[in-house]
Every structure is written in C-alpha cells, then in structure tokens.
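I have placed the structure first, in the form of structure tokens, so that the comments after it can refer back to it.
Here is how names work: the chains are called A, B, and so on, in the same order as the sequence lines, proteins then strands, and each is numbered from 1. Please read these numbers as outputs of a predicted model, since none were measured by experiment.
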Protein chains: 2
Amino acid sequence: MTEMQSVTETAAKERDVTDLVLEDILTGVLPAGTWLKQIDLEKRYDCTRPEVRRALDRLSQKRLVEHVPNRGYHVYLPDGRRAQEVSDIRVILETAVADLMVERATPESIARLRALANHFDEMTMVGTVLEHYEANLAFHRELLLLSGNNELVDLVSEIRQRTSSAPVSQWRTRARVERSAREHHMMVDALEARDIARLKRLIEAHIRQTGDVAPAESAARQA
Amino acid sequence: MTEMQSVTETAAKERDVTDLVLEDILTGVLPAGTWLKQIDLEKRYDCTRPEVRRALDRLSQKRLVEHVPNRGYHVYLPDGRRAQEVSDIRVILETAVADLMVERATPESIARLRALANHFDEMTMVGTVLEHYEANLAFHRELLLLSGNNELVDLVSEIRQRTSSAPVSQWRTRARVERSAREHHMMVDALEARDIARLKRLIEAHIRQTGDVAPAESAARQA
DNA sequence: GTTACCAAAATTGGCGCCAATTTAGGATAC
DNA sequence: GTATCCTAAATTGGCGCCAATTTTGGTAAC
C-alpha cells in the first residue's frame with residue numbers, strides 16, 4: 001500500500017480525481033478491502049488533500065467505499081447477497097423495456113450497436129482492462145438508450161458500479177468473456193428480428209452470468 | 001433570499017447539514033430555482049463553510065441541485081420529462097416485485113402496513129408537511145421490504161427524491177391526498193387477498209397519479 | 001515469556017484564510 | 001438620455017494548518 005505511485009501518476013493531471021479513483025477500483029488496481037489513506041492518494045494522483053477528501057466522500061455516497069469515522073475509507077468488500085440483488089434489479093429494468101427497444105430500433109441504431117459489439121470483440125484481444133470494461137458499458141448504454149428513457153440509462157450505469165468490488169475479475173476466464181461477446185451479437189440479432197421474448201431471455205442470461213452467483217442458484221433464489 | 005434565517009436555525013444543531021437542506025428542498029421551503037448562497041446557508045443552519053460545501057456537493061451528486069462553476073448552486077428546476085421517466089422506472093420496479101411481495105407477506109407485515117397507512121391518514125390531518133411526506137415514505141418502504149431485496153428499497157428511496165422539485169406541492173389539493181390515503185389501504189387489501197394483478201394495477205395507478213403528468217398521457221407514452 | 005500499559009508517531013478531520021472570478025453599480029462619454 | 005466601460009463589492013473555491021483520535025511499538029512488570 002505504500003509503494004503505489006507508478007502508472008497513472010504523471011499522465012493524469014487535468015481529470016477529476018473521483019473518476020481516477022473510481023477507475024482504479026473498477027479495474028481492480030485498488031482491490032476490495034484496501035484502506036485508502038489520504039496521503040497515499042494525494043501522492044498517487046498528484047492532488048491536494050481537499051480533492052482527495054471530496055473524492056472519498058463522493059465514492060462513499062455511491063457506496064463504493066465505506067467510511068469508518070476516525071479510521072478512514074476502504075474499498076467495499078464484495079457482498080454476494082447485494083450483488084445478487086443488484087443483478088435482480090438490472091434484470092427487472094432491462095427486460096422491462098425490451099418491447100420499447102424493439103419498437104424504437106432503427107437500422108441506424110442497430111448498425112451502431114453492431115459496431116459497438118465489434119468494438120467489444122476487438123478490446124477482448126488488444127485493449128486494456130479499462131477499455132474493455134468501457135466498451136461493454138458503451139454497448140449496454142446504446143442498447144438502453146433505445147428505450148427512450150434517459151433516466152433509466154443513467155440509473156443502470158449507477159447501479160452497475162455498486163456491485164463492483166472486483167468487477168472485471170469476473171472476466172478472468174477467456175471463455176466467459178467470449179461468451180459475453182457472442183451474446184452481444186445475439187442481442188442485436190434478436191433486436192433486428194424484433195423478437196421481444198428472445199431479447200428478454202438473452203438480456204436476463206447475459207446479466208445473470210456476469211454475476212458471481214451461478215445461474216442455477218440465482219434462478220432458485222428468484223423463484 | 002437574504003432574510004432566510006428563521007425557523008430551523010436554533011433547533012437543528014446536531015444533525016447533518018445535508019439532510020437539513022434536503023428536507024427544506026423536499027418540503028418546498030427552498031423552492032425550485034433558488035440560488036443557494038453559501039453564506040446564507042452557513043447562517044441558516046449555523047454551520048461552517050466546509051460543511052455547507054460538502055452538503056451542496058452531495059446534493060449536486062444526487063442531482064437535486066445544479067452546480068454552475070463560479071456561479072454557485074441552485075435548486076433544480078422541475079423537468080416534466082424527467083419526472084415522467086422516473087415515474088416509469090418506479091412503475092417498472094415496484095410492479096415487478098408484486099408477486100414476491102404477495103408471496104412473502106405475513107399477517108405481521110400486513111398489520112404493520114395497516115398501521116403505517118393509518119399513520120399516513122393521521123398526518124393528513126394533524127402532521128407537518130415533512131411528517132406527512134415521511135409517513136408516505138415509510139409506508140412504501142415497508143411495502144417494498146416485502147420483496148426481500150434491500151437494494152431495491154434503497155434504490156427506490158433514492159430515485160423518489162430525483163423528481164422532487166416541488167414534491168409535496170403535488171399534494172396541494174386535499175382530494176388527491178385523500179385519494180392517496182385510500183389507495184394505501186386498497187394496496188394492503190389486495191396484498192391480504194393475494195391478488196397480484198390487482199396489486200400491480202393499484203401500484204401503477206398510485207405512482208402515476210402522484211406524477212405531475214396526467215395518467216392518460218403517461219399511459220399513452222408507455223404504450 | 002507473556003501481558004499490560006504508556007508514549008510517540010501517524011492519520012483523520014475540522015476550520016479559516018486568501019486568491020480568482022463574477023456581478024452590480026456608478027461615472028463618463030457620446 | 002442612453003449606452004458602455006471601469007471600478008468595487010461580493011461570492012465562489014482552492015489550499016494548508018492544527019487539534020483530536022487512533023494505532024503501533026517499546027518497555028516494564030508479573
């Protein structure tokens with residue numbers, strides 16, 4: 001914890017500290033449970049004390065870090081139950097608007113989605129962890145935008161971050177990443193075929209598999 | 001804007017400033033569009049400058065106030081479209097778990113809900129605006145708790161606040177408040193009768209009517 | 001050898017000051 | 001009389017210092 005002062009240090013000047021810390025938590029640079037000492041962050045991101053404290057306060061509001069009075073802030077420990085609950089919420093929200101998405105889909109938007117799905121595929125090969133993560137986000141964002149509900153797009157982006165203590169570590173196995181990539185394309189296919197039921201099934205399966213609970217168990221819990 | 005320094009000033013010492021400002025926005029004491037000068041807030045809530053700024057930062061993260069750099073913070077102006085979108089999200093979430101609520105409902109939880117519905121009725125008569133608002137929140141919270149998804153309970157509480165520029169002003173007319181009170185009891189009835197479809201219909205109608213868009217239009221938009 | 005206590009170092013967190021930017025008002029020129 | 005520019009007051013926002021609390025390491029006593 002003391003020798004962190006390496007990669008992001010020089011390159012990242014003008015950007016917001018909150019986003020930088022967020023990125024490092026999301027990409028696993030700052031693992032779950034890590035105590036975030038204000039002095040260390042100050043040096044690591046080359047910023048002032050108040051900036052660090054504002055970032056930590058924001059992240060604790062977002063429930064990405066926990067604040068223990070007079071002890072400090074640490075990255076939230078993974079909570080299986082919470083992750084499960086968030087997955088359930090995502091399934092509810094994203095499948096609920098499947099009909100709207102089919103209704104509003106145009107050839108142009110489908111083309112954009114294909115491009116984003118392809119971009120995800122590329123990042124699987126050559127991109128960094130963060131680029132890969134963001135490519136996935138971009139695809140799902142574009143998909144949800146079809147619902148016409150901007151508030152929903154933002155909300156899902158938010159709750160997506162909630163489970164993420166070790167969000168990309170879920171993609172450790174190559175098999176799972178490739179399956180995700182394939183599912184992206186299948187979702188676009190279903191959208192193009194205007195098959196609402198199939199799209200819903202695909203969305204649910206896609207969300208559940210990325211959770212850290214086995215699909216079988218999550219289905220049991222749901223029932 | 002200069003002579004605000006009256007009610008809450010002396011009584012509120014030990015509580016968090018963020019909550020105090022939040023309350024005053026929710027109850028309409030600080031109307032939509034109001035510029036929140038840091039000095040005024042400092043005096044009004046008898047707190048320090050950093051406390052004010054932390055509160056304003058948190059509220060802007062929650063999108064209850066807007067931050068204009070070098071200009072200050074002002075209460076968000078009501079946005080019909082956003083309010084509509086938030087209502088849609090609430091309908092999706094709260095009706096989606098209706099079956100879970102019926103499944104998990106016990107005689108004890110139903111009794112608690114009846115008590116809370118009665119409490120809301122009382123507050124209609126004698127309570128302050130804030131008490132009334134919180135009585136409504138408490139009822140819906142208890143109802144959602146039946147879903148067993150704590151994350152969902154928190155999420156709905158959060159997005160509930162998003163529309164609230166003038167949240168209680170929606171309750172200006174006595175007729176509407178009384179209708180809400182009746183609907184609370186009807187929801188408990190449906191829950192007790194284990195009538196999922198009816199419960200869903202009630203929940204949707206209850207949420208839509210509190211929005212500032214007419215039910216007819218919102219239904220049209222949904223379809 | 002182990003445990004309890006004390007002291008010193010480190011870390012958090014509250015608070016206030018000062019610079020930068022904006023706004024409003026007044027004076028001057030047209 | 002009106003418009004424009006300039007100056008002054010006010011407000012925001014960045015930054016650093018110091019007190020309070022906690023933790024750790026050492027020492028002494030049992």
Side-chain angles (χ1 to χ4, degrees), chain A residues 1-5 8-10 12-22 24-25 29-77, chain B residues 1-5 8-10 12-22 24-25 29-77:
Chain A
M1 255 305 287
T2 38
E3 75 283 359
M4 59 166 172
Q5 186 175 359
T8 5
E9 188 205 16
T10 48
K13 282 284 178 189
E14 285 300 316
R15 292 182 54 195
D16 186 17
V17 192
T18 313
D19 290 337
L20 294 173
V21 182
L22 181 63
D24 285 345
I25 293 176
V29 178
L30 298 171
T34 312
W35 282 95
L36 302 169
K37 293 183 196 167
Q38 299 182 2
I39 291 188
D40 287 339
L41 298 181
E42 217 172 314
K43 292 178 192 168
R44 194 184 198 299
Y45 302 106
D46 189 36
C47 58
T48 64
R49 180 61 60 97
E51 281 178 307
V52 170
R53 285 169 69 174
R54 185 159 53 100
L56 288 172
D57 186 65
R58 283 182 180 177
L59 292 173
S60 67
Q61 292 294 309
K62 285 189 179 178
R63 301 178 59 181
L64 264 140
V65 302
E66 187 178 13
H67 176 50
V68 185
N70 291 319
R71 290 286 307 278
Y73 299 79
H74 64 86
V75 182
Y76 249 89
L77 295 163
Chain B
M1 255 306 285
T2 38
E3 75 283 0
M4 59 166 175
Q5 187 175 0
T8 3
E9 189 206 15
T10 48
K13 282 285 177 187
E14 285 299 315
R15 292 181 57 195
D16 186 16
V17 193
T18 313
D19 290 336
L20 294 173
V21 182
L22 181 63
D24 285 343
I25 292 175
V29 177
L30 298 171
T34 311
W35 282 95
L36 302 169
K37 292 182 195 167
Q38 299 182 3
I39 290 189
D40 287 338
L41 298 181
E42 216 172 314
K43 292 178 192 169
R44 195 185 198 298
Y45 302 106
D46 188 36
C47 57
T48 64
R49 181 59 62 96
E51 280 177 307
V52 170
R53 287 169 65 175
R54 185 159 52 102
L56 288 172
D57 185 67
R58 283 182 180 177
L59 292 173
S60 67
Q61 292 294 309
K62 285 190 179 179
R63 300 179 60 181
L64 264 140
V65 302
E66 188 179 12
H67 176 52
V68 185
N70 291 321
R71 290 286 307 276
Y73 299 79
H74 65 86
V75 182
Y76 247 89
L77 295 163

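Listed candidates were C:dG13, C:dT21, D:dG16. Nearest to the side chain of B:Asn70 is C:dT21. When distances run from any side-chain atom of B:Thr48 to the nucleotides C:dT11, C:dC15, D:dT12, the shortest one goes to C:dC15. Distance from the side chain of B:Tyr73 is smallest to D:dG13 among D:dC15, D:dG13, C:dT12. When distances run from any side-chain atom of B:Arg71 to the nucleotides C:dT23, C:dG13, D:dG13, the shortest one goes to C:dT23. With C:dT12, D:dG16, C:dC15 as the candidates, the nucleotide lying closest to the side chain of B:Pro50 is C:dC15. Considering only the side chain of A:Lys37, C:dT11 comes nearest among C:dG16, D:dG16, C:dT11.
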Pairwise N/O distances under 3.5 Å, protein to nucleotides 5-10 of chain C:
none

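A straight line from CG of B:Leu56 to P of D:dG14 spans 13 Å, rounded to a whole angstrom. Look at CG on A:Asp16: it is 14 Å from C1' on D:dG14, rounded to the nearest Å. For A:Glu42 and D:dG16, the CD to C1' distance is 10 Å, given to the nearest whole Å. Distance A:Arg49 CZ to D:dC18 P: 14 Å, rounded to the nearest Å. Put simply, CG on A:Leu36 is 14 Å from C1' on C:dT11, counting in whole angstrom units. Put simply, CZ on A:Arg54 is 16 Å from C1' on D:dG16, counting in whole angstrom units. Here C:dT11 presents its C1' atom at 12 Å from NZ of A:Lys43, a figure rounded to the nearest Å. The separation between B:Asp40 atom CG and D:dA10 atom P is 13 Å, rounded to whole Å.
When every heavy atom of A:Leu30 is checked against every heavy atom of A:Val75, the shortest pair comes out as O-CG2, 4.1 Å. Between A:Asp57 and A:Tyr73, the closest heavy-atom pair is N-CE2, 4.4 Å. When every heavy atom of B:His67 is checked against every heavy atom of B:Ser60, the shortest pair comes out as CB-CB, 4.5 Å. Of all heavy-atom pairs between A:Val65 and A:Leu56, the closest is CG2-O, 3.8 Å. Closest approach of A:Arg63 and A:Tyr76 over heavy atoms only: O-CD1, 3.5 Å.
Remark: of the listed residues A:Leu41, A:Val52, A:Leu20, A:Val52 is the sole one forming a side-chain contact (heavy atoms from CB on, under 4.5 Å) with A:Cys47.
Counting atom types as modelled, A:Arg53 pairs a side-chain N or O with a base atom of C:dG14 as donor and acceptor under 3.5 Å.
A residue-by-residue look at B:His67 and A:Pro69 shows that B:His67 has its nearest nucleotide of DNA chain D further toward the 5' end.
A side-chain donor-acceptor contact under 3.5 Å links A:Arg49 and A:Gln38.
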